Every structure is written in structure tokens, then in C-alpha cells.
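Structure first, commentary second.
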Amino acid sequence: MLLSYIPASFRIEILKTRNTSALWLTFIGSLFAPAILFIGYLSKPEIGYVGAKINAWDLFIGRCWQAEIAVFIPFYAVLMNSLIVNIEHRSNTWKYVFTQPFPKSSVWVGKILLIQSLILLHFLVFNSLTLVAGGILALIDSNYGFANHIPSFDIILKFIVKTFIATLGVSGIHYWLATRIKNIIVPIGIALMGIVLSSVLIMQQWKYVDWFPYAFPLLSSMRKSNDFLVLHEWVSLGYFIVLNVLGYLDISRRNMG
């Protein structure tokens, strides 16, 4: 029964985003890391000059992902959760939303699906722009070595999957927080503290860092493993499921008017 309502709820949530900055932030934000690396390669070409045995594409893509994860992705995930949920806070329409002829659970799931779809869209656009940036650099200077190799698309797919899963824990926290806190600045401030603290904990090699959600994206970029998922990624997935269930139970018993 619930599944039959989710597509309609998802379409409604998409329509609501037309008056928000969520979509343009998804596209404009995708430019950040490729643009930084593109400018870096042009200003200091020697950082991009590699031997014939090194895949210049994989090096460039890896550097773009490192910049993306270290600086942008955690904030982007928090902003998407805050912006989408804040639509109802800003217009004071929570009570109206929950009186529509849809189960409350379908409204909750519809918003989750939209947020996660935007994050995936961001990854796809980001990777496309990374490839475009690499292609332009190859045309500008053959010494970068892009012409000697092709991008490893399996590595790109692995980056997308592992980073997406690593952000789920943060999404679970901030989706629930966004329903509780109307001021969008508060969750952003919490995220900033969490991200700074995560860097400190990683540098200090804190033994419980695999359970600290703000560290998960950075851990996924740093740790190399042949396993499909490692501990912190499983924990991230678990946080996402548990926190969304608890968040839904919380919002179901509250008067959201």
C-alpha cells in the first residue's frame, strides 16, 4: 500500500524544489573541485606531469575526489537535508502536508528519496565535469599524459558508491534535525563542528572514529580496501536506517502545525 503512494509523494517534492536553491546548488557545487584542480594544473603544470606508467586520468580524478570530499560533500549533504525540509518550515505547511490523502510515511520517504536523488545527481554531474576538465587539460598540454591512458570507470563507480554510502549517516542525522529545528543555520553550525572535529579525530587516530559519522566520507577517501564496504560504511548505512525510523516515529507523534 505504501509503495503505491511514494511515486506521487516524490513528484510533489520535486515540484516544491523549483522555488529553492537546491537544484542550482547541486549543479554549481559540482564545479567546485574540478575547477580548483583545473586552475591548479594550469598555474603549476608540474603537479600534473607524470610518467608514462602512471594513469594521469586516475591521478586527476582521485585528486578531484579528495578535494570534493574534504571540503564540499559533507556540507552539501547537510544543506540538501536542511533546504528540502525547510520548505515546510518556511511556509508553515507541515500540518497541511500531513493532512493530504497520503500516508505520513510516504511523505517522509518522498523527501528522503528526493534528497538522496539530488546527492546522486551531484555525483554524476561532478564526475562529468571532472572528465570535461581533464579533456580540456589534455588539449592544452600533452605533457599531462592524459592521451596515454583512459579513465578507469570502475574506480569512478567505486568512488560514487562508497562516498554516497559514507554520507548516509550524516543525512540520517540532519534529516531528523531539520524536522526539529527551523533555523537552517543551526544544523550547518553543527555540521561545521562535526567536520572539524572529525579531522582532529582522524589525525589523532581515535580508535572509535569508525563510529563518528562526520568522519565517514573522509575515511572512505583515505582507506583503500578490496572489500565492497568497510566498517564505517556499514555503520553509516545502519545510522541512516535507524535514524530515519526514529525520526519518522518522532514526527508522527508530534503536532507539526
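Computed from a prediction, not measured in an experiment: that's the story for all the values here.
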Please answer whether the main-chain N or O of [Y] pairs with a side-chain N or O of [X] as donor and acceptor at a distance below 3.5 Å.
X    : Y    : answer
N86  : K182 : yes
W108 : N244 : yes
R223 : S220 : no
Y41  : Y144 : no
H174 : S82  : no
S236 : I165 : yes
W57  : I150 : no

Spacing of L243 atom CG and I241 atom CD1 [to the nearest 0.5 Å]: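 So the gap between those two atoms works out to 10.5 Å.
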Separation of W176 CH2 from I181 CD1 (nearest 0.5 Å):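 Answer rounded to 0.5 Å: 11.5 Å.
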task: Using a cut-off of 6.0 Å, state whether more than 12 heavy atoms not belonging to W211 lie near its atom CH2.
output: no
message: Are more than 12 heavy atoms, taken from residues, nucleotides or ligands other than Q204, located less than 6.0 Å from that residue's CD atom?
response: no
Run the side-chain donor-acceptor check on residues 68-76: report pairs under 3.5 Å with partners two or more places apart or on a different chain.
residue	atom	partner	partner atom	Å
E68	OE2	H122	NE2	2.4
Y76	OH	T26	OG1	2.7
Y76	OH	L118	O	3.1

Residues 133-140, side-chain donor-acceptor partners within the protein, below 3.5 Å, at least two apart:
none

Residues 151-163, side-chain donor-acceptor partners within the protein, below 3.5 Å, at least two apart:
residue	atom	partner	partner atom	Å
S152	OG	D58	OD1	3.1
S152	OG	D58	OD2	2.8
K158	NZ	S225	O	2.9
K162	NZ	F228	O	3.3
K162	NZ	E233	OE1	2.9
K162	NZ	E233	OE2	3.3
T163	OG1	F159	O	2.7

